[in-house]
Amino acid sequence: MLESLRGKRMMFVGDSLNRGQYVSMVCLLHRLIPEDKKSMETYNNDALTVFRVKDYNATIEFYWAPFLLESNSDNAVVHRISDRIVRKGSMNKHGRHWKGVDILVFNTYLWWVTGQDMKILKGSFKDVEKEIMQISTEDAYRMAMKSLLRWVTRNLDREKTRVFFTSMSPTHSKGDWGGEAGENCYNQTTPIVDPNYWGSDSRKSIMKVIGEEFSKSEFPITFLNITQLSSYRKDAHTSIYKKQWNPLTTEQLANPASYADCIHWCLPGLQDTWNELLFAKLFHPDLI
């Protein structure tokens with residue numbers, strides 16, 4: 001992998017789930033590199049993280065853009081906003097940081113699923129009077145995919161840049177695998193064994209949008225389908241073991257399931273498998 005990345009930039013672009021895959025990739029490789037031959041730094045108010053491998057003149061990077069388009073959640077540190085607004089046609093806001101990258105791995109999904117219609121901004125966030133329309137999650141997501149494909153086609157050289165798109169990462173916040181009412185990933189120690197299981201949090205309507213829009217793309221994009229294989233792993237989440245941003249309340253401590261993180265994944269773990277799949281598609285595309 002390192003030899004193949006020699007003289008190249010690889011960048012993961014998206015939300016914290018894509019950042020997890022990025023960290024997985026760095027963890028898989030960094031132990032092979034002497035301490036004085038590697039570094040990791042952040043830039044652009046923590047939006048960009050760069051892992052450098054000096055002897056290979058290579059970088060593996062992560063860029064925070066949970067919607068890919070400009071949004072009111074673009075601050076890489078303070079972005080816990082429930083009233084999410086995405087600016088229409090604003091791919092260039094972040095896209096200017098992606099130009100010149102040799103391998104791009106995009107993801108975006110979970111931030112679109114708010115339980116209500118998405119708010120789409122026409123114009124600028126700087127406008128005093130903002131024109132905001134509300135459309136369905138599927139229509140908003142389709143708008144984003146069209147913008148992404150348009151940007152990729154206009155700004156990247158298909159002879160020099162490989163582009164990947166990672167499908168939705170399933171969550172296990174609801175015990176819809178046949179568990180008890182109110183059950184989630186907390187204290188789960190075995191995978192789901194039903195080969196036909198598909199969690200309710202993974203919207204097939206979004207998969208349909210991806211299939212329809214990507215099939216029209218003029219630029220070749222490799223789809224990294226991790227949804228089904230990850231849906232079985234109710235046992236692989238960070239659960240109650242992740243770092244907590246705020247002290248836990250007495251009520252939470254009395255009920256661990258209430259604060260279990262059933263979205264993100266433990267490392268080492270499942271996301272290492274995502275990178276095995278990425279590796280196979282990157283360097284052996286004819287075999288997949």
Does the Gln252 side chain pair with the main chain of Thr249, one donor and one acceptor, at a distance under 3.5 Å?
yes
Report yes if some heavy atom in the side chain of Asp83 is under 4.5 Å from a heavy atom in the side chain of Lys119; otherwise report no.
yes
Please confirm whether the backbone N or O of Ser167 pairs with a side-chain atom of Asn107, one donor and one acceptor, at under 3.5 Å?
no
Side chains of Thr108 and Trp112 only: does a donor on one sit below 3.5 Å from an acceptor on the other?
yes
Report yes or no: do Asp194 and Trp177 form a side-chain donor-acceptor pair below 3.5 Å?
no
Taking the six-membered ring for Trp, is the centroid-to-centroid distance between Tyr141 and Trp111 below 6.0 Å?
no
Side-chain heavy atoms under 4.5 angstrom apart, residues restricted to Ile, Leu, Val, Met, Phe, Trp, Tyr: same cluster for Met11 and Val50?
yes
Has Asp127 got a side-chain atom pairing as donor or acceptor with Glu129's backbone, closer than 3.5 angstrom?
no
Taking the side chain as everything from C-beta on, heavy atoms only, tell me whether Tyr56 gets closer than 4.5 Å to Leu5.
no
Verify the distance criterion only: is there a donor paired with an acceptor across the side chains of Tyr63 and Glu61 at less than 3.5 Å?
no
Do Asn44 and His97 touch side chain to side chain, with heavy atoms closer than 4.5 Å?
yes
Surrounding CG of Asn45 (heavy atoms of other residues, nucleotides or ligands, distance under 6.0 Å), is the total greater than 12?
no
Assess, by modelled atom type and distance only, whether the side chains of Thr161 and Asp157 contain a donor and an acceptor separated by less than 3.5 Å.
no
Within the distance-only criterion (no hydrogens, no angle test), does the side chain of Ser217 pair as donor or acceptor with the backbone N or O of Phe214 below 3.5 angstrom?
no
Any side-chain donor near an acceptor of the partner, Asn184 and Ser173, under 3.5 Å:
no
Any cation-pi pair here, Arg233 with Trp265, using under 6.0 Å and within 45°?
no
Any donor and acceptor pair, going by atom type alone, linking the side chain of Ser239 with main-chain N or O of Tyr241 inside 3.5 Å?
no
Test item: side-chain donor near acceptor, Ser136 and Asp117, under 3.5 Å
no
Under 3.5 Å, is there a donor on one side chain and an acceptor on the other for His237 and His264?
no
Under a 3.5 Å threshold, yes or no: a donor from one side chain and an acceptor from the other, between Thr227 and Trp198?
no
Inspect the surroundings of CZ in Arg154 and state if more than 12 heavy atoms from other residues, nucleotides or ligands are less than 6.0 Å away.
no
Indicate whether any N or O donor in one side chain lies under 3.5 Å from an N or O acceptor in the other, for Tyr197 and Asp176.
yes
Roughly how far, to the nearest 0.5 Å, is the OG atom of Ser73 from the CD1 atom of Ile85?
9.0 Å
Would you say the side-chain atoms of Asp139 pair up with the backbone N or O of Ile135, donor to acceptor, closer than 3.5 Å?
no
What I want to check is whether the side chains of Ser205 and Glu138 have a donor and an acceptor closer together than 3.5 Å.
yes
With a 4.5 Å cut-off on side-chain heavy atoms, are Gln116 and Gln134 touching?
no
Does the pair Leu69 and Arg87 meet the rule for a side-chain contact (heavy atoms from CB on, under 4.5 Å), with working shown?
CA-CA 7 Å; Leu69 293 158; Arg87 182 185 169 206; over 6 Å; no
Minimum heavy-atom distance Cys262-Tyr186, with the two atoms named:
SG-N, 4.4 Å
Is the closest side-chain heavy-atom distance between Ser4 and Met1 below 4.5 Å?
no
Can you confirm whether Ile132 sits close enough to Ile120 that some side-chain heavy atom of one is under 4.5 Å from a side-chain heavy atom of the other?
no
Pairwise distance CD1(Ile263) to OG(Ser169) - rounded to 0.5 angstrom
9.0 Å
Give the C-alpha distance, both sets of side-chain angles, the deciding distance and a yes or no for side-chain contact (heavy atoms from CB on, under 4.5 Å) between Lys8 and Val101.
CA-CA 7 Å; Lys8 295 181 179 178; Val101 174; over 6 Å; no
Pairwise side-chain contact, Leu278 with Phe12, heavy-atom cut-off 4.5 Å (strictly under):
yes
In Å and rounded to the nearest 0.5 Å, what is the CG to CZ distance from Leu148 to Phe67?
15.0 Å
Salt bridge (charged side-chain N to carboxylate O under 4.0 Å, His left out), that's the test. Do Lys160 and Asp102 meet it? Break it down for me.
CA-CA 6 Å; Lys160 295 181 179 180; Asp102 300 281; over 6 Å; no
Please answer: with hydrophobic residues joined when any side-chain heavy atoms are less than 4.5 Å apart, are Val77 and Val23 in the same cluster?
no
Heavy-atom side-chain proximity of Thr166 to Phe106 below 4.5 angstrom:
no
Measure centre to centre between the rings of His30 and Phe51, then say whether the value is under 6.0 Å.
no
Between Arg9 (side chain only) and Leu104 (backbone N and O only), is there a donor and an acceptor less than 3.5 Å apart?
no
Shared hydrophobic cluster, Met10 / Leu28 (ILVMFWY, side-chain heavy atoms < 4.5 Å)
no
Polar contact flag, side-chain donor to acceptor under 3.5 angstrom, Thr189-Asp235:
no
From CA spacing to verdict: side-chain contact (heavy atoms from CB on, under 4.5 Å), Tyr22, Thr49
CA-CA 10 Å; Tyr22 162 74; Thr49 304; 3.6 Å; yes
Using the six-membered ring wherever Trp is involved, compare the ring planes of His79 and Trp64 and label them parallel, tilted or perpendicular (cut-offs 30° and 60°).
parallel
Whether the side chain of Asn72 engages the backbone of Arg84 through a donor-acceptor N/O pair (distance < 3.5 Å, no angle test) should be reported.
no
Regarding Asp74 and His94, is there a side-chain donor-to-acceptor distance under 3.5 Å anywhere?
yes
Shortest non-hydrogen pair, Val13 vs Asn18, comes out as O-ND2, 2.8 Å
Judged by modelled atom types alone, do Gln188 and Glu183 share a side-chain donor-acceptor pair under 3.5 Å?
yes
Please lay out, stage by stage, how Val163 and Leu156 fare under the test side-chain contact (heavy atoms from CB on, under 4.5 Å).
CA-CA 9 Å; Val163 177; Leu156 300 180; 3.7 Å; yes
For Lys174 and Ser200, indicate whether the former's side chain and the latter's backbone hold a donor-acceptor pair under 3.5 Å.
no
